[in-house]
Structure formats: structure tokens, C-alpha cells
Amino acid sequence: MRGTDVTTNPRHLPQIAALLDQPAIAQLTAQYSHAEVVTALRADLGALRAAMRSGETRALPDFATPGFAQKLSARIEVARQPVLRPVVNATGVLIHTNLGRALLAPQALRAMADVAAHPANLELDLGTGKRGSRQEPVEGLICALTGAQAALVVNNCAAAVLLALSAMAQGREVIASRGELIEIGGAFRLPDVIAQSGAHLREVGATNKTRIRDYAAALNAHTAVLLKSHTSNYRIVGFTAAPSREELAALARDNNVILMEDLGSGILIDLAAHGLPDEPVVADILKAGVDLVMFSGDKLLGGPQCGIIAGRADLIAQLRAHPLARAVRIDKLSLAALEATLRLYQPPHDPLAEIPVLQMLSAPLAQLQRRAETLAGLLREAHINDIEITPSAARVGGGALPQQDLASVAVSITAAGSSAEALAEHLRGAPRPVIARLHKGRVMFDMRTLRDADLPDIAQAMPPR
Ligand SMILES: *Cc1c(COP(=O)(O)O)cnc(C)c1O
């Protein structure tokens, strides 16, 4: 166990049990759990073993010294850091699934903290003192904001689609256009979800064109649902056709089947009216005659992870009574955050100013330019010399407005003696990791997904001079 041994043979490494008997290492088990110390030892020995196997000659550390124990202790402290932690999103993708999608408004954060720290009337009617519904307050808000007769909130939009199809089409047929058989990512493929629900998919039309008569021809005694899906992460352009919602709704009504739409990113306000890109508004979809619409809470709505199903009261009542509804129900923290977020859509609030996703979406270019100049100044102080401010293109992401660029401003840098990839990796290793974009050999920070409070963290993440 001496530091002077030089070896290329992994067999010369000591046993874990023997190391645990070393006084300096044994002392660590007073401070940390036995399992933590063993894991750290295994990691250290594993690294030595791997080096030897690859043919390196290694001087063995002196396992008996306090220095080695300190190294183990440092390893354990690193392992104790939370794995899930805040990062800086400089990617320019507003709703970034890998980075946790929508940020919550302060009101939503407070609501979550309140119901987490205290008992809450989750399923208690304060008027009667009897059991109540956890859904009622948000259901009322969703109906007021979308014109729906009724609504149900579940764990996420994927669960909403699975529940709706299971309850409405199990053992029967679902007609969907070939151009809308989406894969969202994370193994959410519409044909698989339909199969999982126990329904049978009947594909109609072609990839680029589906007409109302294709749906009409496919209808039969087994049909339960016409399913429309928002092609949220791709776009079919060129020689294309798809029936309108009104046409589909008329066909569904005449044949006594249900028209459902998997909308993905549900937006509650008309963005086009604010000069922003056009995205179907939930209220318009229901008005067009769709019976049930499903959308996410943490995309453009700007709330917590959840899935919302809105539409006909008789159908929502069936969904609520389905056994899967209990399995995919929303938790109280998300419910509190959703209620608080939905209230920001009501007067006197201004959702575009108060809901972070919509703030980012609607921030004027002049504000982004100022933010870029502030960041450039901080980076100069951090001894970055090659700094450029350029126009850039941000994206909504999260399956909304596919392929549609949002005008933005970016700061891009290089660092002396380091490739862009190496610099990006260094930034990801910061105490608050910075997730940037690589563009033409430069590391790029898009201002549209940043907040002013993020800028000092970016500067601090820069490599030491
Ligand atoms: C994002 C998306 C989903 C999945 O939503 P989750 O809330 O992540 O489960 C389903 N359908 C469409 C069209 C989507 O865009």
C-alpha cells in the first residue's frame, strides 16, 4: 500500500476491505455512510485499474495517508451535489424539453411552496366540510379561458391522449391521417399510443394530402374516434391538403363518432394579435367543433408539467370515471402551480408580461440588444477578448411553431487556446452549468431564453485567464 510502488498490473491494487481498515479511511465512515466511502474507493480504484489496463505504468497512491482520504472525501462531496439543478438556458430554444420546459411565474412558485409546506384543502370542500374534487377550481378556470363545457387535468399530455383514447376507443377504430402520425420524442409515437389504448388505428390519406372523403370512406361500424394531431415538431409543406376542423367536426357529428385533437402545445391567447407567430388557440379549436382537445401545461401555456383535456361535458365525465384517470392524476404541487398560472390569464393580469415563456416569446429586440451589450461587458471583464453581437434565430421548441424562427440577438465568443467544443464543455461544468449553442466554431448565447439575472452566472462560468 505504499505510494512508491509502480505497477502495470491491476492485481496489485489493494482490496476494498483492506483499505477500509486504514485509520485515515476508517475515519471517513464517521462523517459519511459506509456505502458512500465504498463507492468512492471503487471509483478511485476503477480509474487506476482502467489506466493500467490501457497499458499505463502507474505509481500507486499511498492509500494510508490523510491525503488519499482527503481525495476520497472530495469525491464524496461531489457525489453529494444534487444531480438535478438549475442551469442557464442560452440555447435560444424557449421550451427545451431537455432543460425542463416552461419556467414558472413567481405566483405559481409561491402557490406550490404554500401547498407543499402546509396541509391544503386538496380534496376537501371547505363549505360543506365533506370530500370535494381536487380538480374543480382549475376546471372552472380552464372552461372560462377556453369556452369548454368541462375539463380534466392529468399528469401530462401523453397521459391525456392515452386516457382519452382508452376511454373512447378501446376495442374500436381510430381514424387518423398518415400525415399526422407523429413521434414527439421520448418514445411517444402516436401509433404506439393508439395500440396501447386498445384501439385500432385506421390510417387514411397520404403523407402530404388527406381529404375529408378519405375519412368518410374509412368510417364504419367500428369507428369510435377521428383523431387530429398537431404536427408539432415537423411541417409538411408544398403540395399538401388536410380537411378543416369544421369539416371533420361535421363528419364526426353526422356519423356519431368523436373528434379529438392532440394539440401538444396549447396556447390560450391569440399570439397573432400581438404580432407573434400564429398557433392554434384552444378556444378556436373547440369552437370549430372538436369534441376533446388535449394539450400540455408546460409548453406555451407556461405552467407546470400536466396534460389538459378540454371539451364536451359528457365525454369528460366518462374520462373522469375511467380507471386510468386515477393512475395518471395530477399531483397537488402541479395543480397549485397550474391554478396560479391560469389566473395570470385573467384581468388585471397581462399574460405576455407575467408568464415567463410568453415574456421570452414577446420580448422586443431592443431589450434583447441591451441584454447582449450587458453580457458583452461582463465577458470583457472576465477577460474574453473575442466577442461578437449578432442577430440570431431563436425557436419556440417543445413542439410548437416548428421551423419558425423568432428574431433574436446573440452574443458569441471564442476563448484563446480552446476549441468551441472544449469551451462549451467547460461552461457545462460550471457551478450553475451554462448550456450554449455552437455556431461556426463559436460559442453562442441567445438572449431570448436568458434573463438579466443569468448574465453574471455566464460571466462567472468563463475559464480562468
Ligand atoms: C409535446 C406533445 C405531446 C406530449 O406532451 P407531454 O406533456 O410532454 O406528455 C403530445 N402530443 C403533441 C402533439 C405534443 O406536441
Kindly check if the number of other-residue, nucleotide or ligand heavy atoms within 6.0 Å of [atom1] ([X]) is above 12?
| X | atom1 | result |
| --- | --- | --- |
| Asp254 | CG | yes |
| Glu425 | CD | no |
| Arg80 | CZ | yes |
| Gln196 | CD | no |
| His349 | NE2 | yes |

Do you know which of [options] makes side-chain contact (heavy atoms from CB on, under 4.5 Å) with [X]?
| X | options | answer |
| --- | --- | --- |
| Leu248 | Leu227, Ile175, Ile212 | Ile212 |
| Ile413 | Leu379, Leu375, Asp386 | Leu379 |
| Ile95 | Leu361, Leu300, Asp298 | Leu300 |

Heavy-atom side-chain contact between [X] and [Y] under 4.5 Å:
| X | Y | value |
| --- | --- | --- |
| Ser73 | Tyr32 | yes |
| Leu378 | Gln460 | no |
| Val115 | Leu122 | no |
| Met168 | Met260 | yes |
| Ser392 | Met444 | yes |
| Leu338 | Ile308 | yes |

Specify the closest pair of heavy atoms between [X] and [Y], including all atoms of both residues, with the distance to one decimal.
| X | Y | result |
| --- | --- | --- |
| Leu124 | Gly129 | CD1-O, 3.5 Å |
| Ala102 | Val357 | CB-CG2, 3.4 Å |
| Ala218 | Thr223 | O-OG1, 4.0 Å |
| Ile309 | Ala160 | CG1-CB, 3.6 Å |
| Gly311 | Leu286 | CA-CD2, 3.9 Å |
| Ile258 | Ala252 | C-CB, 4.4 Å |

- Are Arg189 and Glu183 close enough, and set up right, to give a salt bridge (charged side-chain N to carboxylate O under 4.0 Å, His left out), and what steps lead you there? CA-CA 4 Å; Arg189 283 183 160 183; Glu183 171 175 319; 2.4 Å; yes
Is it the case that the side chain of [X] and the backbone of [Y] share a donor-acceptor pair, with hydrogens and angles ignored and the cut-off at 3.5 Å?
| X | Y | value |
| --- | --- | --- |
| Ser229 | Thr231 | no |
| Asn208 | Phe239 | yes |
| Gln149 | Arg312 | no |
| His426 | Ala461 | yes |

Atom [atom1] in [X], atom [atom2] in [Y]: separation rounded to 0.5 Å?
| X | Y | atom1 | atom2 | value |
| --- | --- | --- | --- | --- |
| Met112 | Arg110 | CE | CZ | 13.5 Å |
| Ile76 | Gln31 | CD1 | CD | 8.0 Å |
| Leu94 | Leu358 | CG | CG | 9.5 Å |

- Query: Quick one: do the Tyr345 and Glu354 side chains pair a donor with an acceptor below 3.5 Å?
  - Reply: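 Checked: Tyr345/Glu354 side chains show no N/O donor-acceptor pair below 3.5 Å.
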- Item | Ser166 and Ser197 side chains, donor-acceptor separation under 3.5 Å |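 Ser166 and Ser197 do not have a side-chain donor-acceptor pair below 3.5 Å.
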- Query: How would you list all residue pairs meeting side chain to side chain donor-acceptor pair (under 3.5 Å) that involve residues 323-332, not counting sequence neighbours?
  - Reply: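 For residues 323-332, and leaving out neighbouring residues, the side chain to side chain donor-acceptor pair (under 3.5 Å) pairs sorted by first residue read Asp331-Ser334.
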- Would you check, one step at a time, whether the test salt bridge (charged side-chain N to carboxylate O under 4.0 Å, His left out) holds for Asp454 with Arg432? CA-CA 10 Å; Asp454 295 327; Arg432 187 172 169 216; 3.0 Å; yes
- Leu365: partners by side chain to side chain contact (heavy atoms under 4.5 Å, CB included), with sequence neighbours left out: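 With sequence neighbours excluded, Leu365 shows a side chain to side chain contact (heavy atoms under 4.5 Å, CB included) to Leu368, Ala407, Val409, Arg448, given in chain and number order.
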- Option from Arg371, Arg370, Gln369 for which side chain to side chain donor-acceptor pair (under 3.5 Å) with Glu373 holds: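 Going through Arg371, Arg370, Gln369 one by one, the side chain to side chain donor-acceptor pair (under 3.5 Å) with Glu373 is satisfied by Gln369 alone.
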Using a strict 4.0 Å threshold on nitrogen-to-oxygen distance, state whether [X] and [Y] make a salt bridge.
| X | Y | answer |
| --- | --- | --- |
| Arg245 | Asp284 | no |
| Asp262 | Lys228 | no |
| Lys130 | Asp125 | no |

- Item | salt bridge (charged side-chain N to carboxylate O under 4.0 Å, His left out) assessment of Glu139 paired with Arg320 | CA-CA 12 Å; Glu139 180 179 354; Arg320 203 173 276 134; 3.0 Å; yes
